[in-house]
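Numbers restart at 1 for each chain; the letters A, B, ... are given by sequence-line order, proteins then strands.
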Number of protein chains: 2
Amino acid sequence: MDAPRPERLTDAALADALRRGGLRLTRPRRAVHAALRDLGGHRSADEVHAALAAAGTRVSRMTVYNALADLLRAGVVQRADAGPGRALFEAGAAWHHHLLCRTCGGIEDVPCVRGRRPCLSLPAAFGRAEEAQVIFRGVCRRCLEGERRKRR
Amino acid sequence: MDAPRPERLTDAALADALRRGGLRLTRPRRAVHAALRDLGGHRSADEVHAALAAAGTRVSRMTVYNALADLLRAGVVQRADAGPGRALFEAGAAWHHHLLCRTCGGIEDVPCVRGRRPCLSLPAAFGRAEEAQVIFRGVCRRCLEGERRKRR
DNA sequence: TTGTTGATTGGACAATGTCCAATATACCGC
DNA sequence: GCGGTATATTGGACATTGTCCAATCAACAA
């Protein structure tokens, strides 16, 4: 149940991923990617911005938003669907889903049985699905064990 | 592919659903439910608020937010997961999923093969899933046909 | 090294959702 | 039907999130 460690991209690999989309490897983009990877888990743009500021890296808020969108297009960052509200990002490229715990409010990664998109098919009558993100809502393992312990 | 028409709840049925959760049937709650049902599709709280205002029904914005949350708990309204941003609601209780079209930006309902929650199971090692919402991203039928027509 | 093109900056702005105390109303028992 | 009481509504202030813009800066190809 440990969070999968996001792979550590070399600068060259990051530059490659960006350039495939006609994007440059800039200092802010490198910093945003590293911050997201080092923070781990599911983070909002402003969390990344705050982490960079705390580390003494001055980057404008707009740039963080832009960089995350660019890294997303480049495929080295993913958006974690977790319902409405602010957008959450995470480093890494492995396709997976999420469990939202209604007890602790946490988000757990759930590996995708297929591991690549789209993992579920859509009846052709509706159109073409390029990806299928599943949001499980319920109670995470940790909280479930907490409940059980209390009940005794 | 027509949108399923949301069932028309009688006041008694609506009151029943609310009271099961210790909630009262109030004029604003009735108005919000009717507005959402009559608008059809996937609507934000402020869209419902605007529709009510346009129809001459004065209800405070806060009340619309509260009413939608209450109707959601009562099970007569659902939240349509459509990624980050504002929350979208729709009338009705039948469990289903959504296809987000990246061409036109629209949201299509996709019936759930099981029709009730949870339609997908979660490996027990992760916890208990009470519901599983699938977000398909791709191209809707209408846009797919548009593409095909242009290519000729 | 230099020029060109794309990226960053920072401030202003819009949209969405939440908090609060005062007031109004649904609904229970009579 | 008539209160009494717990619940709901109100409206304004506020926080958070994300976007827009023109001026400046920097990546990278030649």
Side-chain angles (χ1 to χ4, degrees), chain A residues 11-12 14-36 42-53 56-74 76-77 79-89 105, chain B residues 11-12 14-36 42-53 56-74 76-77 79-89 105:
Chain A
D11 261 18
L14 182 54
D16 248 37
L18 285 167
R19 274 197 268 268
R20 259 192 292 279
L23 300 166
R24 296 173 176 172
L25 175 63
T26 66
R27 197 176 51 83
R29 283 175 185 159
R30 221 179 320 175
V32 165
H33 180 261
L36 188 61
H42 311 85
R43 306 294 180 166
S44 71
D46 281 336
E47 272 179 301
V48 172
H49 182 243
L52 288 172
T57 306
R58 269 176 52 86
V59 178
S60 89
R61 211 163 64 95
M62 181 79 207
T63 295
V64 176
Y65 278 88
N66 284 339
L68 285 170
D70 296 335
L71 294 169
L72 185 65
R73 275 192 291 153
V76 295
V77 149
R79 213 181 355 207
D81 278 309
R86 58 198 198 162
L88 297 178
F89 298 86
Chain B
D11 262 18
L14 181 55
D16 247 37
L18 285 167
R19 273 196 270 268
R20 259 192 291 279
L23 299 166
R24 296 172 177 176
L25 175 62
T26 66
R27 198 175 50 81
R29 284 176 185 159
R30 221 179 320 177
V32 165
H33 179 263
L36 188 61
H42 311 86
R43 306 295 180 167
S44 71
D46 280 337
E47 272 180 299
V48 172
H49 182 244
L52 287 172
T57 306
R58 270 175 52 86
V59 178
S60 90
R61 211 163 65 96
M62 180 77 211
T63 295
V64 175
Y65 278 88
N66 284 339
L68 285 170
D70 296 335
L71 294 168
L72 186 65
R73 273 192 293 154
V76 295
V77 149
R79 211 178 0 204
D81 277 309
R86 60 197 197 161
L88 296 179
F89 298 86

Would you mind reading off the distance between [X] atom [atom1] and [N] atom [atom2], rounded to a whole angstrom?
X       : N      : atom1 : atom2 : value
A/Leu18 : C/dT5  : CG    : P     : 21 Å
A/Asp16 : D/dA27 : CG    : P     : 18 Å
B/Leu71 : D/dA8  : CG    : C1'   : 13 Å
A/Arg58 : D/dT24 : CZ    : C1'   : 14 Å
A/His49 : D/dG18 : NE2   : C1'   : 13 Å

Using side chain to side chain contact (heavy atoms under 4.5 Å, CB included) as the criterion, list what pairs up with A/Arg19, not counting sequence neighbours.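 A/Ala15.
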Taking only residues two or more places apart in sequence or in another chain, which ones pass side chain to side chain contact (heavy atoms under 4.5 Å, CB included) with B/Ala51?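 By the side chain to side chain contact (heavy atoms under 4.5 Å, CB included) rule, B/Ala51 matches B/Leu39.
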List the residues meeting side chain to side chain donor-acceptor pair (under 3.5 Å) with A/Ser60, not counting sequence neighbours, and say none if there are none.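 Listed in chain order: A/Thr63.
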In chain order, what residues pass the side chain to side chain donor-acceptor pair (under 3.5 Å) check against A/Asp70, with sequence neighbours excluded?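 Expected list: A/Arg29, A/Arg73.
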On the nucleotide C/dT8, are OP1 or OP2 found under 4.0 Å from the side-chain N or O atoms that A/Thr63 carries?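 Looking at the OP1 and OP2 atoms of C/dT8, neither is under 4.0 Å from any side-chain N or O of A/Thr63.
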For nucleotides 12-21 of chain C, give me one character per nucleotide, 5' to 3': B if any protein heavy atom sits under 4.0 Å from the base, S if the only such contacts are to the sugar-phosphate, - if neither. ----SBBB--
Generate the contact string for nucleotides 24-30 of chain C. Rules: B means base contact, S means sugar-phosphate contact only, - means no protein heavy atom under 4.0 Å. --BS---
Mind checking whether [X] and [Y] have side chains closer than 4.5 Å, heavy atoms only?
X       : Y       : value
B/Leu68 : B/Leu36 : yes
A/Arg24 : A/Leu18 : no
B/Leu88 : B/Asp81 : no

Got a second to check how far A/Arg86's CZ is from A/Glu47's CD, nearest 0.5 Å?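 Separation between the atoms: 5.0 Å.
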